[in-house]
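Just so you know, these numbers come straight off a predicted model, no measurement behind them.
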Amino acid sequence: MTIRVIIVDDQSMVRAGFAALLNAQSDIDVVGEAPDGKEGVQVSRSTHPDVVLMDVRMPEMDGLAAAKELLDPPPGVVHQPKVLMLTTFDVDDYVYAALRAGASGFLLKDAPPADLIAAVRVIAAGEALLAPTVTKRLIADFAKTRPANRKSNSPLLKSLTPREAEVLELIARGLSNQEIAQKLVLAEQTVKTHIGRVLAKLGLRDRAQAVIFAYESGLVEPGGQ
């Protein structure tokens, strides 16, 4: 099945470069582009993409506001694409807010072309993506700089089994499914099953929101191992 993508970025050369790269893939089709968030929302509503590549900082409407409109649409709008934030910064406050809004992750604009292609496929498959080079630092910075927002011992944690809570904690530490499977001596498919149950019980969209919940609920402490 072909993955439908739109690119929202205020730099025309960036849009052209990304479009050429993605259109060269047999399973990806760029179905639209936009120079700002406001137009990006309009293009998304008309083309119904699977994935929106969304720049963080743009005129008219920034990527955060546009992501919120796409992921929490008004009554009558059924389509909700996956959103991948693009940024030139390793850690950006807009990214934290975008993840809370339901974005599936973020990728640095200077990432290798292969990473962008892989990111689109990962997001389209329903997984979350945090740029590998900055994931653990982003998690640490999130925890250390936002202690006031953290809600200790969230009642929702009680709905998780001990194993599910353990899996959630390892997700928040930045471990991949394979690494979690190795650490807990489980089959990788079993880990995926646990993650699916965690997301369902907590009402979370994906892995990115699971990371945020783990810190804000108090399950994982800043700087803990």
Side-chain angles (χ1 to χ4, degrees), residues 2-74 77 79-135 137-138 141-142 205-209:
T2 302
I3 302 169
R4 295 167 59 83
V5 177
I6 68 169
I7 303 167
V8 185
D9 193 293
D10 60 340
Q11 298 182 44
S12 58
M13 290 185 65
V14 170
R15 297 197 307 273
F18 284 178
L21 175 66
L22 295 175
N23 276 327
Q25 311 308 308
S26 61
D27 60 336
I28 300 175
D29 185 16
V30 177
V31 296
E33 300 178 17
D36 59 67
K38 184 176 181 179
E39 188 172 330
V41 171
Q42 296 172 349
V43 172
S44 178
R45 298 264 163 83
S46 64
T47 60
H48 292 181
D50 300 301
V51 177
V52 176
L53 298 183
M54 182 78 73
D55 188 19
V56 172
R57 302 188 180 195
M58 295 178 291
E60 295 294 330
M61 177 187 288
D62 65 28
L64 174 57
K68 286 181 177 179
E69 284 212 21
L70 292 176
L71 297 168
D72 187 19
V77 177
H79 180 254
Q80 291 187 46
K82 302 291 194 310
V83 176
L84 176 63
M85 306 301 295
L86 300 170
T87 178
T88 55
F89 304 95
D90 279 5
V91 177
D92 190 310
D93 283 343
Y94 281 95
V95 172
Y96 297 123
L99 293 177
R100 283 201 188 90
S104 294
F106 80 98
L107 189 70
L108 299 181
K109 280 188 177 181
D110 61 358
D115 284 3
L116 175 63
I117 296 168
V120 169
R121 290 171 176 154
V122 166
I123 297 299
E127 297 289 334
L129 181 96
L130 300 178
T133 58
V134 298
T135 298
R137 188 165 77 254
L138 183 152
D141 287 351
F142 174 84
R205 286 173 59 98
D206 54 33
R207 197 184 196 96
Q209 289 199 327

- Message: Any side-chain to backbone donor/acceptor pair from Asn23 onto Ala19? Under 3.5 Å, distance only.
- Response: yes

- Minimum heavy-atom distance between Ile28 and Arg121, given as atom pair plus value: CD1-NE, 4.4 Å

- Test Leu70 against Met54 for side-chain contact (heavy atoms from CB on, under 4.5 Å), laying out the working first. CA-CA 11 Å; Leu70 292 176; Met54 182 78 73; 3.8 Å; yes

- Decide yes or no on side-chain contact (heavy atoms from CB on, under 4.5 Å) for Lys109 and Asp9, but give the supporting numbers first. CA-CA 11 Å; Lys109 280 188 177 181; Asp9 193 293; 2.7 Å; yes

- Item | Validation row: Asp10, Asp36 side chains within 4.5 angstrom (heavy atoms) | no

- Query: Taking the side chain from Glu69 and the backbone from Ala65, do they hold a donor-acceptor pair closer than 3.5 Å?
  - Reply: no

- Taking the side chain from Arg15 and the backbone from Ile7, do they hold a donor-acceptor pair closer than 3.5 Å? no

- Query: Which atom pair, heavy atoms only, marks the closest approach of Val43 to Ser46?
  - Reply: O-OG, 3.0 Å

- Message: Nearest 0.5 Å, please: how far is CE in Met58 from CD in Gln11?
- Response: 11.0 Å

- Donor-acceptor pair, His79 side chain versus Pro49 backbone, under 3.5 Å? yes

- Hey, does Arg45 have a side-chain heavy atom less than 4.5 Å from the side chain of Pro73? yes

- Item | Close side-chain approach of Thr87 to Leu108, heavy-atom, < 4.5 Å | yes

- Identify the two heavy atoms, one from Ala119 and one from Leu84, that lie closest to each other, and give their separation to 0.1 Å. CB-CD2, 3.8 Å

- Test Val5 against Phe18 for side-chain contact (heavy atoms from CB on, under 4.5 Å), laying out the working first. CA-CA 10 Å; Val5 177; Phe18 284 178; over 6 Å; no

- Item | Residue among Val83, Leu22, Val8 satisfying side chain to side chain contact (heavy atoms under 4.5 Å, CB included) with Leu53 | Leu22

- Donor-acceptor contact below 3.5 Å, side chain Asp62 vs main chain Val56: no

- Rounded to the nearest 0.5 Å, what's the gap from CD1 on Ile123 to NZ on Lys82? Could you check? 8.5 Å

- Task: For residues Val31 and Thr47, report the shortest heavy-atom separation together with the two atoms involved.
- Result: O-CG2, 3.8 Å

- Query: Quick one: CG on Asp50 to OG1 on Thr2, what's the gap to the nearest 0.5 Å?
  - Reply: 9.0 Å

- Task: Step through the shown structure and confirm whether more than 12 heavy atoms of other residues, nucleotides or ligands are within 6.0 Å of NZ on Lys38.
- Result: no

- Minimal non-hydrogen separation, Ala103 against Met85, with atom names: CB-CG, 4.0 Å

- Task: Among Val30, Leu116, Val120, find the one that has a side chain to side chain contact (heavy atoms under 4.5 Å, CB included) with Leu21.
- Result: Leu116

